[in-house]
Amino acid sequence: MLQVQFIRDHKQAVLDGLAKRNFANAETVLNEVISSDENRRKTQVLLDNVLAESNSLSKEIGQFFKSGEVQKATLLKEKTGQLKEAAKKLTEELNAAANKLQELLYQIPNIPHSSVQPGNSEEDNEEIFAEGEIPNLGETALPHWELAKKYDLIDFELGTKITGAGFPVYKGKGAKLQRALINYFLDKNIAAGYKEYQVPHLINEASGIGTGQLPDKEGQMYHATVDDLYLIPTGEVPITNMFRGNLLSESDFPIKCTGYTPCFRREAGSYGAHVRGLNRLHQFDKVEIVRIQHPDTSYEALDGMVEHIKGILRELKLPYRVLRLCGGDTGFTAALTFDFEVFSTGQNRWLEISSASNFETFQANRLKLRFKNKQGKSQLAHTLNGSSLALPRVLAGILENYQTVDGIKIPEVLVPYCGFDMID
RNA sequence: AGAGAGGUGGCCGAGUGGUCGAAGGCGCACGCUUGGAAAGCGUGUAUACGGCAACGUAUCGAGGGUUCGAAUCCCUUCCUCUCUGCCA
């Protein structure tokens, strides 16, 4: 959520930013925001004045009662009746104005960073880095769902029986490989200074609002209605919300967290060849990294996260590329996002395996996550997160890129975690 | 799940209808003191919104109500603790 003050002071910059995202009716919405805000402030001044008068009258009445001048008190009481009505009406107006402003602000996405290019879709994302060799497996390369079947690693049908499509069952060495990856990712993150957390997998409404999943995107989350809780779509939500409402001091920075969680996504509207196998699931595992930063260092931090993720992919010896997302493809809450994609040899396409973003103050404003700056004022912090990494597609990438006629080789760094070096 | 107790500032804790944004203590900051430190003494120390400011308003878990006036009374709700039950 953008700050009203910022919109008031930098209207043109906001318009330019929204244009990069192709946000419709930006000017109209901003004008509405500004007029709602004016209305809100005007109403508040009126209400404050009424309440101030009412308060001082009440004090006088109290004095009169104390000194026994009951008649004077009774006289004043009549006056307060009118003020009460006025206050009630103004309170309603103020609430209505504040709610309207809030609703408008919820609709406006974050302003993209200056390096973000305009664009409509993933076609317009820029590749900024690529590394690793794409193995030449020729015609024999199999997609991971066939490999998974051949070596009995993942059972999609069994998951369908238990739950439904998109809830696979990992078996034997498939399960072990996945567990090895989780441990390896966590160890890498911890070595880089991230503190490990195990967090709840269900969240309440306030948490969903804090990180921006609610109120608009509830259709993407599973909702446990009896208790009004949501299954997390990503570990970002519980991890970031640990800091909701906090007032930090500068010495608390940087805050670096990591955690392994399953992720649950309804993925309403997804279908077709692109969702086969592990490509798109309703439940998948992910190791997440989250950082809370001083605004001055948040972009350094983002670069640090990108380098960290590169390091992991380099060790896994997977061919990957990094994209800077264009305005139209950048998520609602992010100012700048880098996507990581691994080349999937068996499908001959790139698969997104990580996304690292700086949200600047957008989430912090919703979370009321602030710190005391050097001037002693409270100021919004910056939040960032990234996947390190999303499991299924890394698994798919390993199966497909490491396949040989004799079986699937295990990347060297994972052998100690797996306890075997070959799936055959 | 049933019964009871309770939720007050960074922390502890007083406050049961008015002068209470809230005593006292701890912590923290600054100053005095000191060769330096500790101790001692003094001053200051919540957040949000509005206002150039003086200041005003709101906030004692949250929401609603009674009252001229609510931290204090009533209702709803959330959370915590104790006991009982159940249970990985």
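Numbered from 1 within each chain, the chains take letters A, B, ... in sequence-line order. Only this structure's heavy atoms are used, side chains among them; waters, hydrogens and symmetry mates stay out.
Side-chain polar atoms of A:N55 and A:S58 form no donor-acceptor pair below 3.5 angstrom.
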Any protein N or O atoms within reach of nucleotides 69-75 of chain B? Criterion: under 3.5 Å, listing atom names and distances.
residue, atom, partner, partner atom, Å
B:G69, O4', A:S58, OG, 3.3

For nucleotides 86-88 of chain B, tabulate all protein N/O to nucleotide N/O atom pairs closer than 3.5 Å, reporting atom names and distance.
none

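Picking from B:C49, B:A46, B:A48 the nucleotide with the shortest atom distance to the side chain of A:R370 gives B:A48. When distances run from any side-chain atom of A:L51 to the nucleotides B:G50, B:U47, B:A58, the shortest one goes to B:A58. Checked against B:U57, B:C49, B:G50, the side chain of A:Q44 finds its nearest nucleotide in B:C49.
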Bracket notation of RNA chain B in which parentheses pair within the strand, [ ] cross earlier pairs, and | pairs with another strand (Watson-Crick or G-U, under 3.5 Å): ((((((((.[[[..)..(.....]]]((((((.......))))))(((((....))))).[[[[[..)....]]]]])))))))....
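Of the two residues near RNA chain B, A:D37 and A:A52, the one whose nearest nucleotide lies more 5' is A:D37. With RNA chain B read from its 5' end, the first of the two nearest nucleotides for A:K77 and A:V45 is the one closest to A:V45.
By the 6.0 Å and 45° rule, A:K173 stacks over the aromatic ring of A:F420.
Pairs of residues two or more places apart, or lying in two chains, that qualify as ring-ring contact (aromatic ring centres under 6.0 Å, His included) and include a residue from residues 148-172 of chain A are A:F167-A:H282. Among residues at least two apart or in separate chains, ring-ring contact (aromatic ring centres under 6.0 Å, His included) pairs with a member in residues 174-216 of chain A are A:Y184-A:Y417, A:Y194-A:H308. Sorted by first and then second residue, the salt bridge (Lys or Arg N to Asp or Glu O under 4.0 Å) pairs involving residues 87-110 of chain A (not counting sequence neighbours) are A:E32-A:K100.
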